Structures are given as C-alpha cells and as structure tokens.
Amino acid sequence: MKFTDRLHEKTLPIWRQNHNHPFVKGIGDGTVNQDNFRFYMVQDYLYLIDYSKVFAIGAVKADDVETMGKFAGLLEGTLNTEMALHRKYAERFGISEEELENAKPSPIVLAYTHYMLHVSQKGTLAEVVAAVLPCAWSYWEIGKELNDIPGAADHPLYGDWIRMYSSEAFGELASWCIDLMNEVAEGKPEHELQKLEEIFLNTTRFEYMFWDMANNKQMWPGAETADVGI
Ligand SMILES: Cc1ncc(CN)c(N)n1
C-alpha cells in the first residue's frame with residue numbers, strides 16, 4: 001500500500017465532508033452566493049501568498065537539484081498561474097491588485113498559513129510535503145468532480161474556477177506532490193509516518209474550515225463590514 005493511500009484512508013470522513021461542503025456544491029451548481037465567493041477569493045489569495053512561501057522552504061530543504069526544481073515549479077505555478085485566476089476575479093469584482101494584497105486575513109487563514117509555515121520551517125522535507133499535500137490533492141479532486149457536472153465548467157462566474165482546478169496543468173502539480181510524498185515517506189519508521197499522518201490530517205481539517213469560513217464570511221469577532229477582508 002502506498003503511503004498516500006494510507007493517508008487518504010485515514011482522512012476519508014473529513015475528505016468526503018470537504019467534497020460535500022455546501023460551498024463546494026454551490027460552486028458546482030452555480031448557487032454559491034457571489035458575495036461569499038468574492039470574500040473567498042480575496043482570502044484565498046492571501047492564503048496562496050503564504051502557501052507559495054512553503055514551496056520556497058521545500059526548495060531549501062530539498063536534497064537534490066531535481067526536487068528543488070519541482071518546488072520551484074510549484075512556486076511558479078501557484079504565483080503565476082493559480083493566482084492569476086484570483087487576480088482575474090478581483091478585476092471582475094472591481095478589486096485592485098493593491099487592495100487584494102493589502103486585505104486582512106481572517107482568523108482561519110492566519111491559523112492555517114501559520115500552521116503550514118511553522119511545520120515547514122521546523123520540520124523535515126517529508127513534513128513540508130505532508131503539510132501542502134491536502135491542498136493540492138483535494139482541490140484537484142474537487143475540480144475534476146465539479147467538471148463532471150454537465151454545464152458546470154461553462155458557468156459565467158464559477159466556470160473559470162472549475163476549469164483551473166480540473167486542468168491538466170493543476171493535476172500535474174498535484175500528482176507531483178503525491179509522488180513526492182510516497183518517495184520521502186519510503187523507509188521511514190512508524191513513529192515518523194504517524195507524525196506525517198497527523199500533519200496531513202490537520203491541513204485536511206483546515207481545508208474544511210476554510211470552506212466553512214467562506215460559507216459564513218467568517219472574520220474576526222466584532223469586525224465591522226469595512227474590516228471584512230477588504
Ligand atoms: C485553501 C486552499 N487550499 C488549496 C488550494 C489549492 N492550491 C487553494 N487555492 N486554497
């Protein structure tokens with residue numbers, strides 16, 4: 001059994017909850033509230049800035065030039081392809097790039113990104129990969145699932161999102177993360193595998209919390225409308 005099969009099996013209930021989250025379903029059937037989607041895209045942009053930094057840490061921790069190159073590819077793909085989607089949506093919503101970068105992160109975004117940055121700064125290369133894997137893997141699976149819904153990828157607003165996360169290019173990045181997880185877990189003692197499992201479980205849980213945050217436009221307690229992200 002591959003280590004990633006073990007991870008998938010262990011986190012299956014929460015993994016399913018991610019796929020069936022009302023916000024995800026709403027992107028697929030076009031019913032998600034536009035204002036919530038706008039909030040989500042702004043918060044996701046902030047998330048991706050730190051997520052990209054985790055790939056840079058991966059490059060620093062890589063043991064060979066080929067792996068360094070893959071992390072550089074993931075960093076480039078996130079900054080220039082995935083985040084281009086967010087910049088395009090921001091333009092549609094009348095949000096400038098400056099406003100986007102200066103938006104305030106929600107408590108969930110801060111907790112999630114700080115967790116990933118903490119794990120990757122203090123941990124091993126395998127721990128870096130375990131932290132980022134649910135992000136790439138679950139979005140790719142969700143993208144493909146939504147793309148299978150007839151007409152979903154043609155939706156005037158949410159179609160771009162579905163096409164991005166079901167694309168071959170995104171799938172390649174996700175597959176590379178899956179393969180690397182198996183490579184770096186090979187031969188590790190059980191206690192280290194359990195640690196990787198825990199990190200993977202935690203970021204899978206954060207994925208669920210992120211969808212919930214988007215669904216509820218959840219910001220800081222007592223925040224005024226003007227403080228809500230942007
Ligand atoms: C929260 C989150 N997780 C994952 C992805 C896919 N890179 C994303 N854009 N946002």
Side-chain angles (χ1 to χ4, degrees), residues 7 11 14-15 17-19 21-24 26-28 32 36-58 70-71 73-90 100-101 103 105-117 119-120 128-147 158 160-178 180-181 199-219 229:
L7 291 174
T11 52
I14 176 94
W15 199 265
Q17 283 176 25
N18 281 340
H19 283 235
H21 195 283
F23 194 84
V24 172
I27 296 176
V32 81
N36 286 52
F37 188 74
R38 179 187 188 273
F39 174 79
Y40 159 75
M41 289 307 284
V42 171
Q43 291 298 318
D44 202 45
Y45 194 78
L46 301 176
Y47 165 86
L48 289 173
I49 293 171
D50 280 340
Y51 180 65
S52 301
K53 290 182 188 175
V54 176
F55 289 136
I57 296 170
K70 293 278 170 109
F71 276 113
L74 284 162
L75 174 57
E76 201 278 331
T78 307
L79 281 179
N80 297 323
T81 305
E82 187 176 355
M83 289 165 77
L85 174 80
H86 296 61
R87 289 187 282 267
K88 190 172 158 189
Y89 274 116
L100 197 53
E101 280 175 34
S106 77
I108 296 297
V109 170
L110 269 191
Y112 189 179
T113 56
H114 285 207
Y115 176 72
M116 282 196 303
L117 285 166
V119 165
S120 52
V128 178
V129 183
V132 294
L133 183 55
C135 330
W137 194 358
S138 75
Y139 264 56
W140 186 38
E141 280 199 355
I142 287 170
K144 285 186 295 179
E145 208 170 288
L146 299 189
N147 194 44
Y158 307 126
D160 280 332
W161 191 97
I162 295 171
R163 288 195 299 277
M164 163 66 71
Y165 292 109
S166 60
S167 68
E168 232 174 82
F170 190 79
E172 255 175 44
L173 298 180
S175 301
W176 182 76
C177 284
I178 294 169
L180 185 64
M181 184 77 268
I199 293 167
F200 183 90
L201 175 63
N202 285 342
T203 52
T204 303
R205 286 169 168 152
F206 270 126
E207 284 295 317
Y208 182 83
M209 293 170 79
F210 206 102
W211 294 126
D212 246 13
M213 169 206 80
N215 214 30
N216 300 315
K217 278 184 73 181
Q218 191 190 1
M219 255 297 184

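Positions are given from 1, in the same order as the sequence printed here. These numbers were taken from a predicted model, which means no experiment stands behind them. Both ligands and their constituent atoms are indexed starting at 1 by order of listing.
Leu117 places a side-chain heavy atom less than 4.5 Å from the side chain of Ile57. Using a 4.5 Å cut-off on side-chain heavy atoms (C-beta onward), Leu74 and Phe71 make contact.
Using cut-offs of 30° and 60° for the angle between ring planes, the Phe55 and Tyr51 rings count as perpendicular.
Taking the salt bridge (Lys or Arg N to Asp or Glu O under 4.0 Å) definition, one finds that Asp212 meets it with nothing, sequence neighbours left out. By the side-chain hydrogen bond (donor to acceptor under 3.5 Å, both in side chains) test, Asp44 pairs with His86, sequence neighbours left out.
Numbered from 1 in the order shown, with element, the atoms of ligand 1 that lie under 4.0 Å from a heavy atom of Cys135 read 3 (N), 4 (C), 6 (C). Taking every heavy atom of Tyr47 and a limit of under 4.0 angstrom, the matching atoms of ligand 1 come to 1 (C), 2 (C), 3 (N), 8 (C), 10 (N). Taking every non-hydrogen atom of Glu207 and a distance limit under 4.0 Å, the qualifying atoms of ligand 1 come out as 1 (C), 2 (C), 3 (N), 4 (C). Counting the atoms of ligand 1 from 1 in the order shown, those under 4.0 Å from a heavy atom of Tyr165 are 9 (N). Near Tyr51, meaning under 4.0 Å from one of its heavy atoms, ligand 1 places the atoms 7 (N).
When non-hydrogen atoms are compared, ligand 1 lies under 4.0 Å from neither the backbone nor the side chain of Thr78.
Under the 4.0 angstrom criterion for non-hydrogen atoms, Phe206 is not in contact with ligand 1.
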* Asked: Does the pair Ile49 and Tyr45 meet the rule for a side-chain contact (heavy atoms from CB on, under 4.5 Å), with working shown?
  -> CA-CA 6 Å; Ile49 293 171; Tyr45 194 78; 4.1 Å; yes

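Between Tyr112 atom OH and Phe210 atom CZ the span is 8.0 Å, to the nearest 0.5 Å.
Considering backbone and side-chain N/O atoms, His86 never comes within less than 3.5 Å of an N/O atom of ligand 1.
Looking only at heavy atoms of the protein, atom 10 (N) of ligand 1 is closest to Asp44 OD1, 2.6 Å. Atom 6 (C) of ligand 1 has Glu82 OE2, 3.3 Å as its closest protein atom, hydrogens excluded (heavy atom only).
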